[in-house]
Amino acid sequence: MKLSLRQHLGPISALLAVLLFIDLVWMTRDVVPSVVRAQLSFSRSGFEAVLARWSPLALQQVRDHFPIDFAFVLCFSTAGLLYGRRWLGQEPRPDIGARLLPWLLPAAGGLDVIENVLHLRFLSPAASAMPDEAYTLAGVAASCKWTLALLFLILCLRRWIRRRRSLNPS
């Protein structure tokens with residue numbers, strides 16, 4: 001039986017997302033405070049306080065991670081959409097969680113792109129021209145991104161537990 005590209009795209013994008021995530025963690029392993037700390041700063045002063053603690057090497061590592069991060073966004077968004085749609089199709093009576101599942105990681109990916117574009121601007125010579133509200137927007141986008149990713153994981157865990165219970169009723 002011949003498998004189509006569509007059948008392979010979910011696993012391939014998920015595998016690439018995992019590999020890219022490992023690469024991102026490796027690339028920024030020496031950045032202190034962490035990139036996540038910068039992501040969750042909601043003000044110019046908070047972001048600049050994190051930035052001031054980064055060495056020139058750390059700053060370059062952060063700048064260098066963005067191309068990989070954009071590829072990671074594409075891969076995790078694709079994997080989330082494809083697996084979420086597949087799982088939704090397997091639900092006899094999908095609840096709101098099952099209906100939301102396909103859209104959580106693509107929405108998180110969109111927020112990640114907003115955050116990345118803003119952070120690239122904050123790290124550029126044009127940072128002084130950015131309004132203070134842009135720093136708040138970046139922090140809100142990052143917070144919502146992490147929340148949606150966590151919700152995706154929780155819903156996947158819930159689905160897994162339900163499947164196990166239906167296969168092994170007590």
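Here the structure is a predicted model, which is why all the values come from computation and not from measurement. Only this structure's heavy atoms are used, side chains among them; waters, hydrogens and symmetry mates stay out.
- For Q39 and W146, the side-chain atoms include at least one donor-acceptor pair closer than 3.5 Å.
- Of the possible polar contacts, none joining the T28 side chain to the V31 backbone as a donor-acceptor pair under 3.5 Å is found.
- For the side-chain hydrogen bond (donor to acceptor under 3.5 Å, both in side chains) test, no residue two or more places apart in sequence or in another chain qualifies with S143.
- Between atom CG of residue L16 and atom CG of residue L74 there is a gap of 9.5 Å, rounded to the nearest 0.5 Å.
- Counting only heavy atoms from C-beta outward, the side chains of V35 and L24 never approach each other to under 4.5 Å.
- One distance of note links OH of Y83 with CG of L9; it measures 9.5 Å at 0.5 Å rounding.
- L57 forms part of no hydrophobic cluster, judged by ILVMFWY side-chain heavy-atom separations under 4.5 Å.
- Considering only residues two or more places apart in sequence or on other chains, D112 meets the salt bridge (Lys or Arg N to Asp or Glu O under 4.0 Å) condition with K145.
- For residues 92-121, the set of pairs meeting the ring-ring contact (aromatic ring centres under 6.0 Å, His included) definition, not counting sequence neighbours, comprises F47-H119, H119-F122.
- The stretch residues 130-140 participates, sequence neighbours left out, in these salt bridge (Lys or Arg N to Asp or Glu O under 4.0 Å) pairs: R44-D132.
- With a 4.5 Å cut-off on side-chain heavy atoms, M130 and L118 count as touching.
- Side-chain contact between I68 and H65 is absent, with no heavy-atom pair separated by less than 4.5 Å.
- Side chains of L101 and C156 form a contact here, defined as non-hydrogen atoms less than 4.5 Å apart.
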Which pairs of donor and acceptor atoms, one on a side chain in residues 88-97, lie under 3.5 Å apart (sequence neighbours left out)?
{"residue": "Q90", "atom": "OE1", "partner": "R159", "partner atom": "NH2", "Å": "2.4"}
{"residue": "Q90", "atom": "OE1", "partner": "R163", "partner atom": "NH2", "Å": "3.3"}
{"residue": "D95", "atom": "OD1", "partner": "G97", "partner atom": "N", "Å": "3.2"}
{"residue": "D95", "atom": "OD1", "partner": "A98", "partner atom": "N", "Å": "2.9"}
{"residue": "D95", "atom": "OD1", "partner": "R158", "partner atom": "NH2", "Å": "3.1"}
{"residue": "D95", "atom": "OD2", "partner": "R158", "partner atom": "NH1", "Å": "3.0"}
{"residue": "D95", "atom": "OD2", "partner": "R158", "partner atom": "NH2", "Å": "3.0"}
{"residue": "D95", "atom": "OD2", "partner": "R162", "partner atom": "NH1", "Å": "3.4"}

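- Looking only at side-chain heavy atoms (C-beta outward), E48 and S45 stay at 4.5 Å or farther from each other.
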